[in-house]
Amino acid sequence: MPDLDGHLVLADRVMPGRLSFSDQIHAVAAHNTVPDRYILPGFIDGHVHGGNGADTMDGVQAIHTLSRFHAQHGTTTILPTTITRPWADVMDALYAVAEVVSTQIPGGPVVHGAHLEGPFVSPHKLGAQPPYAIPPTADRVAEAVGTGCVKVVTLAPELPHAQTAIKQFAEAGVRISLGHTVAEYEETNAAICQICAVGGVAGGTHLFNAMAPITSRKPGPVTALMCSDAYAEMIFDTHHVHPATFRLAHRVMGGRLVFVTDAMRATGLPEGPSQLGGQDVMVKDGAARLPDGTLAGSVLTLDQALRNALQAGTPLLEAAALLSTNPARYLGLADRGTLDVGKRADFVVLDSAFMVQEVWVGGARIV
Ligand SMILES: [Zn+2]
């Protein structure tokens with residue numbers, strides 16, 4: 001049986017120790033002398049468009065490429081994410097993700113399913129989404145859910161048919177992530193209540209981005225998400241969210257805050273011109289922007305998000321949870337997210353500077 005020694009980042013403490021495992025963890029034991037490295041639960045990315053030149057919308061091979069790329073950065077469970085395009089293109093992408101879910105990727109991370117980001121978003125809050133937003137009619141929702149692979153949907157709650165869509169998605173076990181929305185506090189709060197009332201799990205898509213800000217008299221969707229039981233994603237590349245704003249959300253939300261990359265195809269490539277959803281973007285100084293200056297998807301990887309959180313003063317235990325424990329709980333993945341006996345053997349081994357050394361998925365070393 002393989003074992004790994006290092007500083008184990010457990011749910012409640014960091015302990016020098018040894019993990020013994022097959023495809024799941026069999027023992028977690030204290031150990032006196034261990035190498036100067038950290039072992040964390042594998043990272044879970046619930047919102048990622050692409051990487052290493054590949055985009056979810058390009059189909060099966062591209063999903064392999066982007067998934068393998070993010071595995072190099074510690075991602076052991078991934079949800080390839082669509083973008084707002086004509087409906088037939090979105091459905092093609094979902095079928096491609098469904099195919100990869102059924103075959104999985106040898107030597108890659110677990111492909112848990114898709115995040116359907118767009119086209120059920122507000123045409124008035126597209127952010128960097130191309131202008132193909134459409135309402136979530138019952139037929140379209142049924143078609144998307146019928147692929148069996150949609151695990152998260154980004155939904156603007158003010159759209160026509162949204163209430164019926166919430167019921168349909170919740171019944172299918174899909175996490176409903178409110179975002180790309182012009183809804184204010186009241187409407188967002190009502191949607192969160194409706195999601196809970198029909199047995200669903202509410203989330204927020206890239207908190208603070210593509211939604212109204214908090215002001216004194218308009219608390220906005222951010223406050224509704226932070227002050228409820230909802231989870232929320234955050235792109236913590238320090239461009240989309242300031243470190244102080246991250247600290248605020250983290251202090252309020254704790255275990256309900258979930259890091260994602262929202263990475264685009266340019267991630268991992270030299271900076272310069274790239275594409276997002278058929279639009280030109282320019283990557284410069286770690287940020288991707290449309291020609292009008294709008295921040296597009298990121299060029300973030302989850303190991304960098306971890307280092308950013310540590311840099312912002314987050315204790316290691318809590319920083320690790322943002323990438324593993326919290327997203328596992330949000331997505332209902334009870335078999336992963338912590339280094340506990342009986343959990344999947346999904347690990348990231350990091351050196352003392354928190355650079356990725358090794359990645360293990362289901363007890364097999366893939367990096
Ligand atoms: Zn987005």
Side-chain angles (χ1 to χ4, degrees), residues 45-51 55-57 66 70 78-85 89-90 93-94 97 114-134 136 144 150-159 162 169 174-183 188 191 202-213 220-222 225 230-241 245-246 249 257-267 274-279 281 283 287-290 292-302 305 327 330:
D45 193 349
H47 185 155
V48 47
H49 297 281
D55 188 291
T56 304
M57 300 302 288
L66 72 92
H70 285 282
I78 193 166
L79 273 73
T81 302
T82 63
I83 199 165
T84 305
R85 293 288 301 166
D89 296 357
V90 172
L94 291 183
V97 175
H115 179 152
L116 178 62
E117 191 195 25
F120 304 145
V121 297
S122 167
H124 309 294
K125 213 62 172 176
L126 288 169
Q129 298 273 324
Y132 300 97
I134 46 174
V150 180
K151 301 297 177 187
V152 179
V153 62
T154 291
L155 184 73
E158 70 275 22
L159 294 179
F169 281 121
V174 180
R175 274 48 185 155
I176 299 161
S177 190
L178 305 172
H180 284 277
T181 175
V182 294
T188 309
T205 295
H206 41 56
L207 189 69
F208 292 106
N209 297 118
M211 60 180 69
V222 174
L225 289 161
Y231 291 81
E233 303 175 343
M234 179 172 283
I235 310 167
F236 193 45
D237 59 357
T238 72
H239 297 285
H240 284 77
V241 180
T245 312
F246 153 67
L257 191 64
V258 171
F259 274 0
V260 296
T261 62
D262 198 9
M264 49 179 287
R265 74 166 80 240
T267 312
S274 185
Q275 291 253 313
L276 179 69
Q279 310 166 104
V281 297
V283 182
R289 292 179 189 276
L290 299 181
D292 68 0
T294 303
L295 264 180
S298 83
V299 289
L300 182 63
T301 53
L302 284 182
Y330 172 40

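Start at 1 and go down the list; that is how both ligands and their atoms are numbered.
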Side-chain donor or acceptor of Arg85 paired with backbone N/O of Pro130 under 3.5 Å = no
side-chain hydrogen bond (donor to acceptor under 3.5 Å, both in side chains) with His180: which of Lys125, His206, His124?
-> His206
Check side chain to side chain donor-acceptor pair (under 3.5 Å) between Thr261 and all other residues, then give those that pass, not counting sequence neighbours.
-> Asp45
Just how far is it from atom OG of Ser298 to atom NE2 of His240, taken to the nearest 0.5 Å?
-> 6.0 Å
Among protein atoms, how many N/O/S atoms lie less than 2.8 Å from the Zn ion (ligand 1)?
-> 3
Apply ring-ring contact (aromatic ring centres under 6.0 Å, His included) to His115 and list each qualifying residue two or more places apart in sequence or on a separate chain.
-> His47
For Phe208, the ring-ring contact (aromatic ring centres under 6.0 Å, His included) test, sequence neighbours excluded, returns none
